[in-house]
Amino acid sequence: MPGSERDEDVPVPRDCSYGVTPPPGSTEAVDLLTERLADYGASVRLVSEGDVTATIARSVDSRRSVVVPEGFPPAWRSALGPERVLTDVPRLPVAELMPQRW
């Protein structure tokens, strides 16, 4: 910047956006989440709200235990059986999260 020039002498547009966050629950938000999860190698299944509980139960049917996040809906959790559900509150040690194959 030349010595006589000041920051306010050069207007800088401030109306640009680095990314637009779609409204929660919108088709655009679901598409963006699905795309990002797929980038991490996650499998994604889109189901109707009425099919969530059954889909969760089928998806984890062969697992001995399942870790669910804080706030996981109780109706969804009921399909898992209380003896199989672990929560991460308080935070679980890594050893408890690892499969017992080692």
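All values derive from a computational prediction rather than experimental measurement.
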When rounded to the nearest 0.5 angstrom, what is the spacing between [atom1] in [X] and [atom2] in [Y]?
X     : Y     : atom1 : atom2 : value
Leu33 : Glu35 : CG    : CD    : 10.0 Å
Leu46 : Asp51 : CG    : CG    : 12.0 Å
Leu80 : Asp61 : CG    : CG    : 10.5 Å
Arg77 : Thr53 : CZ    : OG1   : 13.5 Å

Considering residues, nucleotides and ligands other than Glu8, do more than 12 of their heavy atoms fall under 6.0 Å from its CD?
->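 For Glu8, atom CD is crowded (more than 12 foreign heavy atoms under 6.0 Å).
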Considering non-hydrogen atoms only, spot the tightest contact between Pro24 and Ala29 and give its length.
->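 It is CA-CB, 4.5 Å.
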Indicate yes or no for a side-chain donor-acceptor contact from Arg84 to the backbone of Val60 under 3.5 Å, with no hydrogens or angles considered.
->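 Yes, Arg84 side chain to Val60 backbone: donor-acceptor pair under 3.5 Å.
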Flag side-chain contact, heavy atom, 4.5 Å: Ile56 against Val66 |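 No, side chains not in contact.
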Would Trp76 and Val47 show up in the same hydrophobic cluster when neighbours are defined by side-chain heavy atoms closer than 4.5 Å?
->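 Yes, same cluster.
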